[in-house]
Amino acid sequence: MVNITPRGLLAQYLIGAAVAAALGTVPLAAWLDNAGFPDLAVSVQAAGATTGFDRPYKWLHEAMKTAETAQFPGSR
Amino acid sequence: MLFPTLDFLIFFFVVVALAIPLAGYGRARNPMLVVASYWFYAQWNWRFCFLLAGSSVLTYLGGLGVAAMASDRGRRAIVGLTVTVHLVLLAFFKYYDFLIEGVNRVLVGARTGMEIPLVEVILPVGISFFTFHGISYLVDVYRGDVAVCRRLDDILLYLSFFPQLVAGPIVRSSFFLPQLSQPVPATVPLAEPVLLILGGLFKKVVIANYIATDLVDPVFFDPGRYGVLDRLLAAYGYAVQIYCDFSAYTDIAIGLAALLGYRFPLNFDQPYRAHSLREFWRRWHISLSSWLRDYLYRPLGGNRGGSWFTARNLAITMLLGGIWHGAALKFVAWGALHGVGLIVERWLGRWSDTGLGRFTRSRLGRVLCLLLVFHIVCLSWVLFRAANFDTVVVYLTQMSTEDTELRIAPLTGFLVVFGLALNAVPRQMAGRLAACAVSWPKWAWAVLAGVGIAAIDALGPDGVAPFIYFQF
């Protein structure tokens with residue numbers, strides 16, 4: 001059993017959030033834009049593109065979109 | 001505020017951060033959790049916070065009143081009164097418009113020239129769940145199953161605790177209240193909650209959402225446009241969608257509560273591997289089915305008065321369980337189907353020592369029973385999901401059309417199969433996975449959570465659909 005103190009949980013929470021934010025710059029930028037921070041949203045999006053951290057997210061998203069639109073052979 | 005959103009991620013971070021300095025001060029954390037829970041609830045409609053608070057105060061005072069009464073008659077009167085007020089409130093919000101429409105139809109038919117104006121009552125999110133919490137506490141105090149709670153903040157938290165506030169699980173007071181009086185644990189589990197939350201997010205955001213948007217919603221919107229295979233797959237799809245949606249909510253709720261140091265009971269136990277309807281109800285929404293058993297079926301007399309009496313009690317319990325979901329014929333039919341199924345099962349139980357009984361216990365018999373129960377449940381889900389009874393008729397009666405062309409995407413079909421396969425995963429999977437990774441450093445769990453959340457968001461369709469059980 002992996003146990004953690006409340007203080008340790010907060011630290012790990014920050015690490016997890018940082019990883020999610022780094023890999024999820026696309027949804028984070030959309031959220032910031034929606035929350036009324038368009039300039040910050042542009043910066044986050046640019047950071048994701050510059051570092052290349054947004055690539056796995058975009059790749060997964062596109063792969064799923066492609067899979068969603070695929071049809072069985074012969075179907076309308 | 002929905003669990004799979006960034007808003008909730010920030011909210012929960014604040015709760016975790018506030019919980020740290022309060023951890024060393026006994027019960028000081030409980031009022032903070034009450035405030036956080038009310039803030040969470042206010043994100044839907046702040047006005048209903050007063051309803052939640054009123055329901056909690058009623059429960060608190062009712063419990064004190066029951067404990068203060070010396071005579072059983074007095075205790076019974078108080079518990080009866082408070083439970084009735086709870087039920088009247090629930091009925092008002094859930095059935096007022098339906099009842100007024102019925103009354104108006106009678107008034108118009110009688111040519112009285114009168115009509116009661118409709119109010120269009122908004123259903124408060126989670127009203128059923130906090131009402132059930134309140135009723136179970138009052139009845140448990142009356143029965144002596146739980147000690148009366150003399151702290152208002154404990155009752156406020158019991159009814160409003162945000163992980164389970166809007167869609168359960170229904171946590172019994174005898175299970176939860178003792179946890180509030182214990183000291184805050186020095187450590188909380190990390191691995192199991194992280195796996196439960198990630199698994200729940202995947203089930204909701206990826207499986208349930210895709211199946212809903214690409215298969216179930218279009219087919220149920222206009223079933224006449226789709227062929228027999230599509231409708232059959234949509235029925236299976238809804239079985240998977242509602243399971244993945246609802247069990248995801250409770251998995252996340254259990255995980256969040258565990259990270260705050262509280263235990264919640266199991267609410268789903270791979271329901272589609274049930275070999276009988278009775279077993280299905282022991283695996284599906286366990287906290288509600290056990291609530292109906294303990295606070296409705298058994299007080300009605302349960303199975304203590306012969307087969308007809310038992311059948312009557314089963315029918316009443318399942319019909320009321322159906323009507324609880326909404327004032328509509330389709331929900332009555334849903335409850336009736338399960339009620340009749342349970343009655344027939346009990347009746348067939350008389351032949352358990354005959355060849356039929358032995359066959360149902362054989363390997364082939366068990367597989368056939370599993371398939372039969374699954375398809376009865378799927379049929380009941382068609383009743384449950386359809387917009388109205390007319391749609392149900394179209395959905396089921398056109399099953400024999402010759403249009404067998406499949407219009408759905410392979411991805412959706414795969415997700416339906418994957419969702420069903422989750423019912424065959426060995427039990428305690430999260431616990432075993434966590435045990436395998438016990439040597440991982442804690443930061444590895446944090447990285448896993450971060451990567452998992454980003455990946456699930458990327459895999460899911462755009463937008464976040466509310467959980468199905470929010471409407472009940």
Side-chain angles (χ1 to χ4, degrees), chain A residues 1-37 40-41 44-45 47-49 51-76, chain B residues 5-7 9-10 12-13 16-17 19-23 184-192 194 206 210 213-214 259-261 405-414 431 434-435 437-462:
Chain A
M1 189 124 158
V2 184
N3 278 352
I4 193 164
T5 61
R7 206 175 291 272
L9 177 64
L10 190 69
Q12 302 310 326
Y13 203 107
L14 282 171
I15 293 172
V19 171
L23 292 173
T25 51
V26 176
L28 182 60
W31 184 85
L32 286 168
D33 194 32
N34 206 30
F37 304 102
L40 199 54
V44 167
Q45 208 159 14
T51 55
F53 282 173
D54 62 354
R55 278 187 210 150
Y57 185 95
K58 284 181 172 169
W59 184 84
L60 270 180
H61 200 63
E62 283 308 310
M64 215 52 185
K65 286 279 165 215
T66 309
E68 194 184 5
T69 51
Q71 290 289 318
F72 284 109
S75 61
R76 278 180 280 176
Chain B
T5 57
L6 191 52
D7 303 67
L9 210 65
I10 295 167
F12 193 64
F13 174 78
V16 170
I20 293 171
L22 296 172
V184 177
T187 60
V188 292
L190 176 68
E192 291 90 345
V194 165
V206 182
Y210 268 117
T213 51
D214 290 355
L259 288 177
L260 292 171
E405 187 188 1
L406 215 51
R407 292 183 179 83
I408 62 118
L411 171 72
T412 322
F414 167 75
V438 73
S439 57
W440 285 13
K442 293 187 176 72
W443 60 262
W445 286 100
V447 171
L448 174 74
V451 171
I453 286 169
I456 289 166
D457 191 76
L459 288 171
D462 297 327

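Here is how names work: the chains are called A, B, and so on, in the same order as the sequence lines, proteins then strands, and each is numbered from 1.
For A17(A), no part sits under 4.5 Å from any heavy atom of chain B, backbone or side chain. For chain A, no part of F414(B) is nearby; none of its heavy atoms comes within less than 4.5 Å. Looking at A17(B), both its backbone and its side chain come within 4.5 Å of chain A, counting heavy atoms on both sides.
Between L9(B) and Y13(A) the shortest heavy-atom distance is O-OH, 2.7 Å. Of all heavy-atom pairs between N3(A) and P189(B), the closest is OD1-CA, 3.3 Å. The two residues A186(B) and P6(A) have their closest heavy-atom pair at O-CD, 3.2 Å.
Residue with the most contacts toward chain B among T5(A), L10(A), L23(A): L10(A) (heavy-atom pairs, distance under 4.5 Å). Ranking L260(B), D214(B), V194(B) against chain A, the residue ahead of the rest is D214(B), based on heavy-atom pairs under 4.5 Å. Of the listed residues D462(B), L459(B), T412(B), T187(B), the one with more heavy-atom pairs under 4.5 angstrom with chain A than any other is T187(B). Counting heavy-atom pairs under 4.5 Å between each of V188(B), L190(B), L259(B) and chain A puts V188(B) at the top.
Every residue two or more places apart in sequence or in another chain was checked for a ring pair (Phe, Tyr, Trp, His ring centres under 6.0 Å) with W31(A), and none qualifies. With sequence neighbours excluded, no residue forms a salt bridge (Lys or Arg N to Asp or Glu O under 4.0 Å) with D457(B).
Contact residues of residues 51-61 of chain A toward chain B are Y57(A), L60(A), H61(A) (heavy-atom distance under 4.5 Å).
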Atom pairs and distances, donor-acceptor, side-chain atoms in residues 441-453 of chain B, under 3.5 Å, two or more places apart:
none

